[in-house]
Amino acid sequence: MLRLHNTLTKKIEDFASREDGTVNLFVCGPTVYDLSHLGHAKTYVQMDVLARVIRANGYDLFYLQNITDIDDKIIVRSAERNVDWQELRTTFQDEYIKDMTSLNNTSVTEYARATDYIEDIISQVTRLVNGGHAYTIENDGIYFEIATFPEYGKLSGRSEVKKDDAQTRIDESEGKRGWNDFCLWKFSKPGEPVWDAPFGAGRPGWHIEDTAISEHFFGPQYDIHGGAVDLIFPHHEAEITQMESISGKAPLVRYWTHTGFLTIDSEKMAKSAGNFYTIREVIEKGYDPLAIRLFMLQSHYRSSINFTFENLDSAKNRLLNWRNIAALRHQTHDTLRDDDEKSTDDRSVSLYATSQALLEALNDDLNTPAALTIIDEAFSRIANAKLDDIHQHALTQLLETIDETLGLNIVQTTPDISDDAKRLIIERQHARTNQDWKKSDTLRDQLQKDGITVRDTPHGSVWEYSV
RNA sequence: GGCGCGUUGGCGGAGCAGUUACGCAGCGGUCUGCAAAACCGCGUAGACGGGUGCAACUCCCGUACGUGCCUCCA
């Protein structure tokens with residue numbers, strides 16, 4: 001049974017899908033005006049694990065992610081660079097997908113670009129205008145009137161923010177009926193991207209993109225909406241307000257999940273502070289993207305993560321150690337023995353229960369730190385065992401479960417070594433039996449050059465991938 | 001100012017009212033043809049002050065510090 005923390009109730013709840021066997025998940029994607037940074041990596045890795053865990057529970061999951069490809073930042077940036085906005089957004093959408101792929105965030109069923117759903121957006125704005133929820137400000141745009149939706153604030157608990165709050169800014173747009181009213185559709189200025197609409201040519205506001213896209217695929221109600229905490233207000237609050245006003249059906253979303261922020265050197269990541277890292281540049285420093293992924297899984301998704309290279313190194317080393325354990329599956333001589341016979345052998349290392357324990361930890365509101373501990377404990381039992389006592393099938397199955405749920409690609413990144421290398425290892429074993437240390441060491445050096453480290457344990461020689 | 005979160009050993013990071021979390025790094029030792037690994041041990045974790053309990057890192061209250069949102073933001 002999957003349990004998830006729900007921002008709406010601030011409680012961990014048992015998960016039940018709206019329709020048996022299927023789950024609809026929407027996660028807010030990025031605005032594609034620049035390379036993605038480590039904060040994006042955190043959110044999307046953790047949401048990817050959520051998707052994997054839902055599927056591991058047997059659900060048929062549709063994971064929808066929007067791409068904001070029209071907004072002020074894109075317009076400004078394309079003007080700065082003197083490139084067409086469509087070229088800019090296509091470039092950075094491609095870069096985003098590239099980064100996600102390298103992090104192995106491959107669970108998304110559909111990436112939906114806002115500008116591909118203008119019809120749906122116009123339809124929503126039209127319905128809001130006709131329903132008396134929206135009004136026009138001349139030469140500005142169409143705004144949602146929050147006073148028409150009494151439940152505004154039910155997600156963020158921020159319904160009665162007072163105007164005289166010290167930090168509340170006065171919105172630049174004059175003519176708004178409510179100080180908090182938000183824009184649904186902006187009338188374009190000359191030279192800006194523009195789409196025709198019955199209520200005036202222009203471009204979509206931010207919040208309406210997501211509800212138009214989610215309605216297009218899921219209808220007015222669906223199961224889970226994810227994103228980082230900073231989106232709770234006003235973005236997700238606005239989504240609820242829009243869609244529930246349009247459909248009259250509540251709740252828009254049954255479970256809201258939010259990821260904590262990533263900080264760098266304990267400070268908020270900001271270009272001005274000089275502590276801003278893109279995913280790309282960390283990879284270019286030589287870090288395995290899967291080590292970045294493991295780093296993100298070392299803490300709970302709702303916690304914040306403090307990024308330092310020291311901490312990333314820690315994850316990197318842990319991953320390398322795991323891979324060497326995984327490589328043992330190529331070195332067991334299991335084929336000589338029957339699996340069933342083995343599983344009843346007291347000395348064999350029991351691993352079947354580990355996969356189950358792993359799933360249970362993840363079902364507990366995605367407790368990835370606990371999941372990693374379960375893996376560590378199982379792996380240390382393996383490391384201490386004789387090769388013959390390692391149940392090859394069980395180990396392989398465990399690795400597959402880890403990859404399926406955590407997406408660490410352990411199976412794929414731990415290939416068997418070549419037959420030639422195997423021959424050298426056997427040759428070296430003979431040399432050692434004959435106490436021909438010179439030959440033994442020469443062969444070890446030779447293997448080292450091929451990226452294979454051999455170490456001799458009391459139970460025999462074992463090979464590992466060289467660092 | 002409003003609302004929220006956090007404070008655990010060198011670093012990261014969980015669970016749990018009473019028993020070694022775990023990982024990464026360090027030091028000492030055992031073992032070993034060498035190398036490595038592994039194992040054992042060590043550095044006596046729980047911001048501070050109260051409270052409840054036989055017992056608190058774990059529950060309650062307060063204080064301090066940090067941090068997030070309130071504006072675009074993953």
Side-chain angles (χ1 to χ4, degrees), chain A residues 7 10 27-31 33-34 36-47 65 68 71-73 76 96 153 156-172 180 182 206 226-235 237 258-263 266-270 294-295 297-300 302-322 324 361 364 367-377 379-380 383-385 431-432 435-438 440-441 444-445 448 453-459 461-464 466:
Chain A
T7 308
K10 295 186 170 65
V27 172
C28 288
T31 302
Y33 70 103
D34 206 340
S36 301
H37 56 244
L38 291 174
H40 295 108
K42 176 186 189 293
T43 292
Y44 299 121
V45 164
Q46 289 169 335
M47 286 294 117
Q65 192 175 116
T68 299
D71 107 324
D72 290 347
K73 277 184 182 153
V76 168
Y96 171 69
S156 60
R158 207 179 293 252
S159 48
E160 288 301 324
V161 185
K162 295 190 176 79
K163 275 186 192 172
D164 49 285
D165 282 349
Q167 301 302 320
T168 300
R169 290 192 185 179
I170 297 159
D171 198 293
E172 31 346 307
N180 221 0
F182 56 87
W206 178 33
V229 281
D230 57 322
L231 297 181
I232 294 173
F233 188 90
H235 186 51
E237 198 66 64
H258 290 100
T259 59
F261 248 63
L262 178 128
T263 58
S266 300
E267 287 175 21
K268 186 177 178 177
M269 184 164 55
L294 181 58
F295 170 79
L297 300 179
Q298 284 184 323
S299 59
H300 188 87
R302 285 190 282 121
S303 306
S304 59
I305 291 184
N306 185 38
F307 178 86
T308 63
F309 282 101
E310 187 189 358
N311 296 160
L312 181 57
D313 283 334
S314 170
K316 181 187 80 178
N317 290 337
R318 191 184 213 174
L319 184 60
L320 291 173
N321 290 338
W322 282 10
N324 283 326
D364 180 18
N367 193 341
T368 53
L372 302 193
T373 294
I374 288 163
I375 294 168
D376 281 323
E377 286 172 349
F379 280 11
S380 65
N384 296 333
R432 290 189 73 232
Q435 303 203 343
D436 184 349
W437 309 127
K438 230 176 207 173
S440 161
D441 290 350
R444 184 165 59 197
D445 290 346
Q448 187 69 47
T453 300
V454 181
R455 59 184 180 84
D456 302 317
T457 73
H459 317 308
S461 298
V462 165
W463 59 261
E464 298 182 339
S466 304

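Computed from a prediction, not measured in an experiment: that's the story for all the values here. Below, chain A is the first sequence line, B the second, and so on; all start at residue 1.
If you check every strand for non-hydrogen atoms under 4.0 Å, A:Phe295 touches nothing. If you check every strand for non-hydrogen atoms under 4.0 Å, A:Thr308 touches nothing. Within the 4.0 angstrom heavy-atom criterion, no nucleotide atom of any strand lies near A:Val462. A:Ile374 comes within contact range of no nucleotide atom at all, as no heavy-atom separation falls under 4.0 Å. As judged by a 4.0 angstrom heavy-atom cut-off over every strand, A:Ser299 is placed among residues touching the sugar-phosphate backbone only.
Rounded to whole Å, the P atom of B:rG12 lies 25 Å from the corresponding atom of B:rG28. Comparing the C1' positions of B:rG6 and B:rA14 gives a spacing of 15 Å, expressed to the nearest Å. B:rC34 and B:rC27: their C1' atoms are spaced 24 Å apart (whole Å). Of the C1' atoms belonging to B:rC57 and B:rA17, the separation is 10 Å, rounded to the nearest Å. Comparing the same atom, C1', in B:rA45 and in B:rC16 gives a spacing of 15 Å after rounding to whole Å. Going from the C1' atom of B:rG43 to that of B:rA25 covers 13 Å, rounded to whole Å. On the C1' atoms, B:rG9 is 23 Å away from B:rC5, given to the nearest whole Å. Across B:rU20 and B:rC40, the matching C1' atoms stand 13 Å from one another, rounded to whole Å.
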Practice task
List the steps and the verdict of side chain to side chain contact (heavy atoms under 4.5 Å, CB included) for A:Trp322 and A:Leu294.
Solution key: CA-CA 11 Å; A:Trp322 282 10; A:Leu294 181 58; 4.2 Å; yes
Practice task
Take A:Arg432 and A:Trp437 through the test side chain to side chain contact (heavy atoms under 4.5 Å, CB included) and record every step on the way to the result.
Solution key: CA-CA 6 Å; A:Arg432 290 189 73 232; A:Trp437 309 127; 4.2 Å; yes
Exercise for the section: List the steps, then state whether side chain to side chain contact (heavy atoms under 4.5 Å, CB included) holds for A:Gln46 with A:Val27. Expected result: CA-CA 11 Å; A:Gln46 289 169 335; A:Val27 172; over 6 Å; no
Exercise for the section: Apply side chain to side chain contact (heavy atoms under 4.5 Å, CB included) to the pair A:Phe295 and A:Ile305, showing each step before the final yes or no. Expected result: CA-CA 9 Å; A:Phe295 170 79; A:Ile305 291 184; 3.4 Å; yes
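Following rounding to the nearest Å, A:Ile305 (CD1) and B:rG12 (P) show an atom-to-atom distance of 12 Å. Between the CG atom of A:Asn367 and the C1' atom of B:rG23 there is a distance of 14 Å, rounded to whole Å. For the pair A:Phe261 CZ and B:rA74 P, the computed distance is 8 Å after rounding to whole Å. Separating the CG atom of A:Leu372 from the P atom of B:rC24 is a distance of 11 Å, rounded to the nearest angstrom. Rounded to whole Å, the distance from CD on A:Glu237 to P on B:rG4 is 15 Å. One atom, CD of A:Glu310, and another, P of B:rG12, lie 7 Å apart when rounded to the nearest Å. Atom P of nucleotide B:rA14 and atom CG of A:Leu297 are separated by 12 Å, given to the nearest angstrom. Rounded to whole Å, atom P of B:rG13 lies 19 Å from atom CD of A:Glu377.
Look at A:Ser380 and you won't find any side-chain N or O under 4.0 angstrom from OP1 or OP2 of B:rC39.
Taking the O4'-C1'-N9-C4 or O4'-C1'-N1-C2 dihedral as appropriate, B:rG53 has a value within 90° of 0 and is therefore syn.
Side-chain contact annotation: A:Thr368 with A:Gln298, donor-acceptor N/O pair under 3.5 Å absent. Looking only at atom types and distance, the side chain of A:Ser156 has a donor-acceptor partner in the side chain of A:Glu237 under 3.5 Å away. Counted by atom type alone, A:Ser304 and A:Thr263 present zero donor-acceptor pairs between their side chains at under 3.5 Å.
Under the ring-ring contact (aromatic ring centres under 6.0 Å, His included) criterion, A:Tyr96 pairs with A:Tyr44, not counting sequence neighbours.
Salt bridge status for A:Asp34 with A:Lys73: absent, with no side-chain N to carboxylate O gap under 4.0 Å.
Checking B:rC11, B:rA74, B:rA14 against the side-chain heavy atoms of A:Ala228 singles out B:rA74 as nearest. The nucleotide whose nearest atom lies closest to any side-chain atom of A:Lys73 is, among B:rA35, B:rC72, B:rG12, B:rC72. Of the candidates B:rA74, B:rC70, B:rG13, the closest approach to any side-chain atom of A:Phe233 belongs to B:rC70. Candidate nucleotides B:rA74, B:rG12, B:rA14 were compared by shortest atom distance to the side chain of A:Pro369, and B:rA14 ranks first. Distances from the side chain of A:Pro30 to the nucleotides B:rC11, B:rC22, B:rA74 place B:rA74 closest.
Under a 3.5 Å cut-off, the side chain of A:Thr373 and the backbone N or O of A:Pro369 do form a donor-acceptor pair. The backbone N or O of A:Asn317 sits less than 3.5 Å from a side-chain atom of A:Asn321, completing a donor-acceptor pair.
Contact of A:His37 with B:rA74 (side chain to base): a donor-acceptor pair of N or O atoms is detected under 3.5 Å.
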Completion exercise
Once base and sugar-phosphate atoms are separated, protein heavy atoms under 4.0 Å mark nucleotides 25-34 of chain B, 5' to 3', with B, S and - as S-------BB
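Consecutive Watson-Crick or G-U pairs involving RNA chain B, each under 3.5 Å on both distances, make up stems of three or more pairs at B:1-7 with B:64-70, B:10-12 with B:22-24, B:26-30 with B:38-42, B:47-51 with B:59-63.
Heavy-atom distances to RNA chain B give each of A:Lys10 and A:Thr373 a nearest nucleotide, and the one nearer the 5′ end belongs to A:Lys10. If you find the closest nucleotide of RNA chain B to A:Leu231 and to A:His300, the one lying nearer the 5' end belongs to A:His300.
In terms of heavy-atom proximity, A:His258 sits nearest to A:Ala228 at CD2-O, 3.5 Å.
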